[in-house]
Amino acid sequence: KKAREMKNKPRPTYTPPVRTPEEQKAIDMEMKRLYREYHVNIFEKAKRAVETYKHEKKELEDSIRESEASIEAHHIRAEEKVQKASKAANIVIGAITAVCLAFVIYVMICAAHGKAVKVFGKSVLRVVTGSMESSIHVGDYIIVENTDTDTLQEGDIISFYSEQSDIKGLLVTHRIIGKNPDGSFVTKGDANPVADSVTVRPERIVGKYTRKSRFLIWVNSFANTRKL
């Protein structure tokens with residue numbers, strides 16, 4: 001039924017577009033060009049395929065070369081950055097080492113002359129006698145910390161400038177064994193049979209012994225002439 005209705009239905013008429021002679025001529029020329037481009041023999045098609053392949057291959061090779069050049073440049077820049085960072089680190093490490101070495105030499109020279117080297121509220125001293133054996137040995141470098149003399153008590157080890165006639169003005173490190181009413185301290189070396197003959201006034205105290213400097217003891221071991 002539908003087919004019969006469609007058969008009896010009038011067909012639409014085709015109305016060609018209205019073009020100027022110039023427009024029609026341009027269309028005809030474009031159609032001819034497209035015909036010549038796509039309607040070619042097999043040899044021409046093969047030739048065009050080879051040319052397309054060569055062109056695409058060249059573009060791929062150029063892209064690969066550019067990528068390799070970019071990667072190489074990136075690696076060079078990264079290597080230069082690493083070298084600069086390494087050079088800067090070496091300079092910093094060298095400067096720190098030089099400062100530390102100078103400080104160690106200064107400490108050892110001052111300690112050899114019986115002077116206290118104060119750093120950040122602490123002093124470094126070198127023991128030259130065996131009066132504190134076996135707690136502190138001859139040649140040990142000790143750390144003495146500034147402290148409030150009112151907090152010192154019996155049993156503490158202190159470093160002070162002695163007022164005893166035979167060693168007056170020299171640094172001494174002994175243990176407190178008592179305290180007098182006037183605030184002075186009675187001291188004694190652990191290895192000495194008797195207490196010091198002169199008491200220690202608070203203003204003569206350098207500080208309280210805290211520990212030994214293992215590093216300076218180790219450094220000093222290389223300068224020991226008995227090992228040469």
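For clarity, every value in this text was computed on a predicted model and none was experimentally measured.
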Inset, instruction - Please report the C-alpha distance between Lys57 and Lys54 in whole Å, then the side-chain angles of each, then the deciding distance to 0.1 Å, and finally whether the side chain to side chain contact (heavy atoms under 4.5 Å, CB included) criterion is met. - result: CA-CA 5 Å; Lys57 181 180 179 182; Lys54 289 181 178 179; 5.6 Å; no
Legend entry - Test log, rule side chain to side chain contact (heavy atoms under 4.5 Å, CB included), inputs Leu152 and Lys208: CA-CA 8 Å; Leu152 294 174; Lys208 177 183 176 181; 4.1 Å; yes
Legend entry - From CA spacing to verdict: side chain to side chain contact (heavy atoms under 4.5 Å, CB included), Lys179, Glu154: CA-CA 8 Å; Lys179 187 175 181 179; Glu154 186 175 339; over 6 Å; no
Legend entry - Evaluation steps, side chain to side chain donor-acceptor pair (under 3.5 Å), between Glu59 and His55: CA-CA 6 Å; Glu59 288 183 346; His55 179 71; 2.7 Å; yes
Legend entry - Working for side chain to side chain contact (heavy atoms under 4.5 Å, CB included), residues Ile143 and Lys212: CA-CA 6 Å; Ile143 306 297; Lys212 298 179 182 180; over 6 Å; no
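Taken from OG in Ser67 to CG in Asp62, the straight-line distance is 10.5 Å, to the nearest 0.5 Å. Between Arg77 atom CZ and Lys81 atom NZ the span is 7.5 Å, to the nearest 0.5 Å. If you take CG on Leu125 and OG on Ser213, they are separated by 11.0 Å, rounding to the nearest 0.5 Å. Distance check: Phe185 CZ to Ile177 CD1 gives 13.0 Å after rounding to the nearest 0.5 Å. Considering OG of Ser135 and CG of Asp190, their distance stands at 4.0 Å, rounded to 0.5 Å.
The two residues Pro202 and Ser184 come nearest to each other via the heavy atoms CD-CA, 4.5 Å. The minimum heavy-atom distance linking Ile136 with Thr173 is given by the pair CD1-CG2, 4.3 Å. Shortest non-hydrogen contact noted between His174 and Ser131 is NE2-OG, 3.0 Å.
For Glu72, the CD atom is loosely surrounded, since the number of other residues' heavy atoms within 6.0 Å does not exceed 12.
Inter-residue side-chain proximity for Ser162 and Leu170 is flagged as unmet; no heavy-atom pair is nearer than 4.5 Å. Between Val127 and Ile142 there is a side-chain heavy-atom pair separated by less than 4.5 Å. A heavy-atom distance below 4.5 Å is found between the side chains of Arg204 and Glu163. Side-chain contact between Tyr141 and Val124 is present, with heavy atoms from C-beta onward closer than 4.5 Å. Using a 4.5 Å heavy-atom threshold, the side chains of Lys122 and Glu145 count as touching. Glu56 places none of its side-chain heavy atoms less than 4.5 Å from the side chain of Leu60.
Between the side chain of Thr52 and the backbone N or O of Arg48 there is at least one donor-acceptor pair closer than 3.5 Å. At least one donor-acceptor pair under 3.5 Å links the side chain of Thr97 to the backbone N or O of Ile93. Asn192 places no side-chain N or O within 3.5 Å of a backbone atom of Val194 that could act as its donor or acceptor partner. With hydrogens and angles disregarded, no donor-acceptor distance shorter than 3.5 Å links the side chain of Thr147 to the backbone of Thr149. A side-chain donor-acceptor contact under 3.5 Å links Asn90 to the backbone of Ser86.
Note on Arg175 versus Asp156: no salt bridge recorded, every NZ/NE/NH1/NH2 to OD/OE distance being 4.0 Å or above.
There is no path of hydrophobic side-chain contacts, each under 4.5 Å, that joins Val186 to Val206. In the hydrophobic clustering of this structure, Phe160 does not group with Val198; members are Ile, Leu, Val, Met, Phe, Trp, Tyr whose side-chain heavy atoms approach within less than 4.5 Å, directly or through other members.
Using a 3.5 Å distance cut-off with no hydrogens or angles, the side chains of His137 and Glu133 do pair a donor with an acceptor. Side-chain contact annotation: Glu79 with His75, donor-acceptor N/O pair under 3.5 Å absent. With hydrogens and angles left out, the side-chain atoms of Asp196 and Thr187 include a donor and acceptor closer than 3.5 Å.
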Expected list for residues 20-27: side-chain donor-acceptor pairs under 3.5 angstrom, two or more places apart:
from  : atom 1 : to    : atom 2 : distance (Å)
Thr20 : OG1    : Glu23 : N      : 3.3
Glu23 : OE1    : Thr20 : N      : 3.3
Gln24 : NE2    : Asp28 : OD1    : 3.2

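Of the residues Ile205, Val200, Ile158, the one that meets the side-chain contact (heavy atoms from CB on, under 4.5 Å) test with Ile176 is Ile158.
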